[in-house]
S.K.: 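Please see the structure below; I have some questions.
Letters A, B, ... mirror the listed sequences (proteins, then strands); counts begin at 1.
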Protein chains: 2
Amino acid sequence: MALEHAILVSLLEQPGTGYELARRFDRSIGYFWTATHQQIYRVLKRMESDGLLAVRGLPQQSRPDKKVYSVMDAGRAALAQWLHEPIEPESIRHELAVKIRGAAFDDPSALIREVERHRKAHSDRLAHYLAGEQRDFTGPTAPGPLDAGQELQHVVLRGGIAYERMTIAWLDDVLATLHRLSGTQPRD
Amino acid sequence: MALEHAILVSLLEQPGTGYELARRFDRSIGYFWTATHQQIYRVLKRMESDGLLAVRGLPQQSRPDKKVYSVMDAGRAALAQWLHEPIEPESIRHELAVKIRGAAFDDPSALIREVERHRKAHSDRLAHYLAGEQRDFTGPTAPGPLDAGQELQHVVLRGGIAYERMTIAWLDDVLATLHRLSGTQPRD
DNA sequence: CTTGGCTATGCAACGAGTTGCATATCAAGA
DNA sequence: TCTTGATATGCAACTCGTTGCATAGCCAAG
């Protein structure tokens, strides 16, 4: 159900098409909720027929219509209601951790490459988040006093930054452990 | 697919019944991969018919048979193969973060209670992890020199601990932000 | 003595999410 | 010129995961 609510939040921040939403889910919103365009199109259609969203079809020459969605009162109400319901604290699903425990039944040193790859992906993501933070919140290009929405976006982004930093430190710990177990030298 | 592999790891560490697996998924394995008993029973059945697992039925008086599963060579091979395939770095799915951004379109102070509840859940989980770490790895009751499997279990547990600590610190940041926005006093 | 919780397995239905494919136009680069 | 990539939407088939329910005996607390 959370995809529906993530879409409502995103469309309240800014109306847009399914395609645009998919791109936002690859960027800001996607920092904490992912979705493919297939899923987004399907859910948008359902939400529209449920009366939560309004569509405005922009006819384009020699292309299918661009469909710009925006949130109706019923959608805003649905979001408000969800905000007042308690949700379960997340439980993590970390495939790499399964692999690490599985390495006990295989060759631990074979995992080193994979862990290094993940470390790089997380450190890239961290750099990306930090650049976004500079741009939108802390750097000279940032707007002046922030409104509530921006403050909340910033605190969520700080969460993403903290998550990536923690993950990188942990992966270093994992790498050190794997090297220790396989008697190899950690490089750099 | 990862549930299959998590089950293989768990059954390699120790054969067991579906029910026992479900409990392990509420404890150690579940620190990084969750599953309900329904899912586990279904996947166990499939894995058995795929020849990855062996079942030994223990007839019990006046009860349905207890089915103890263990990993066959094909299962071990399937795990080994998976270990050598690269996987995508995880993307987080954090419902609470969706709520926090959504709070901009509702009353931010209404979220404080919910965030405090999550903070408590994470701090309970942290205490639980730390107790487990003392018991199995760092305390006086811990076994002597650890084997590779235990080292790897420990590093995964350290990841869980780091995750909970990071999350608690972040939720404190969120609470401070929510209080600031709603002009209320943070209570200790 | 009854209620609730634990052990133990399972079906049925549904909802969430992924993967592969298909369509169609346009612009930039090889 | 041909290919690649971006824009833009969508179907079909599938797997994954959740929820509700059912069975069935055991044990402990109120």
S.K.: Nearest of D:dT9, D:dG10, C:dA8 to any side-chain atom of B:Lys66?
M.R.: C:dA8

S.K.: Just do the salt bridge (charged side-chain N to carboxylate O under 4.0 Å, His left out) check on B:Arg117 and B:Glu114 with the steps written out, would you?
M.R.: CA-CA 5 Å; B:Arg117 212 169 52 81; B:Glu114 175 82 340; 2.9 Å; yes

S.K.: Which pair of heavy atoms, one from A:His118 and one from B:Ile87, lies closest together, and at what distance?
M.R.: NE2-O, 3.3 Å

S.K.: Mind calculating the distance between CZ (A:Phe25) and C1' (C:dA16) to the nearest angstrom?
M.R.: 14 Å

S.K.: Which atoms of nucleotides 11-14 of chain D (N or O only) lie under 3.5 Å from a protein N or O atom, and what are those distances?
M.R.:
unit_1, atom_1, unit_2, atom_2, d
D:dC11, N4, A:Gln38, OE1, 2.2
D:dC11, N4, A:Gln38, NE2, 3.3

S.K.: Phosphate oxygens OP1/OP2 of D:dT7: is one of them under 4.0 Å from a side-chain N or O of A:Tyr19?
M.R.: yes

S.K.: Scan for salt bridge (Lys or Arg N to Asp or Glu O under 4.0 Å) pairs involving residues 11-40 of chain B, sequence neighbours excluded, and state none if there are none.
M.R.: A:Arg101-B:Glu13

S.K.: To the side chain of B:Gln39, which of C:dT18, D:dT18, C:dA8 is closest?
M.R.: D:dT18

S.K.: How many angstroms lie between atom CG of B:Leu171 and atom NZ of B:Lys120, to the nearest 0.5 angstrom?
M.R.: 13.5 Å

S.K.: How many whole angstroms separate atom CZ of B:Arg46 from atom P of C:dT9?
M.R.: 18 Å

S.K.: If you measure from the Lys or Arg side-chain nitrogens to the Asp or Glu carboxylate oxygens, is any gap between B:Arg158 and B:Glu133 under 4.0 Å?
M.R.: no

S.K.: So which of residues 78-99 of chain B are in contact with DNA chain D, with a heavy-atom cut-off of under 4.0 Å?
M.R.: none

S.K.: Mind telling me whether A:His94 and A:Trp170 have parallel, tilted or perpendicular rings, with 30° and 60° as the class edges?
M.R.: perpendicular

S.K.: Distance alone, cut at 3.5 Å: any donor-acceptor contact between the side chains of A:Arg93 and B:Thr34?
M.R.: yes

S.K.: Is any side-chain nitrogen or oxygen of A:Arg23 closer than 4.0 Å to OP1 or OP2 of D:dT7?
M.R.: yes

S.K.: Quick one: B:Ile40 CD1 to C:dG10 P, roughly how many Å, whole number?
M.R.: 13 Å

S.K.: Which sits closer to the 5' end of DNA chain C, B:Glu20 or A:Trp33, going by the nucleotide each is nearest to?
M.R.: B:Glu20

S.K.: Distance check: side-chain N/O of A:Thr36 vs OP1/OP2 of C:dT19, anything under 4.0 Å?
M.R.: no

S.K.: Any luck finding a side-chain donor-acceptor pair between A:His84 and B:Asp106 under 3.5 Å?
M.R.: yes

S.K.: Between C:dG15 atom P and A:Met47 atom CE, what is the distance in whole Å?
M.R.: 16 Å

S.K.: Does B:Tyr41 make a side-chain N or O approach to OP1 or OP2 of C:dG10 shorter than 4.0 Å?
M.R.: no

S.K.: How many whole angstroms separate atom CG of B:Asp50 from atom C1' of D:dT15?
M.R.: 14 Å

S.K.: So B:Arg165 and B:Leu130, do their side chains get closer than 4.5 Å, heavy atoms only?
M.R.: yes

S.K.: Could you state the CG-C1' distance from A:Leu21 to D:dG10, rounded to the nearest angstrom?
M.R.: 16 Å

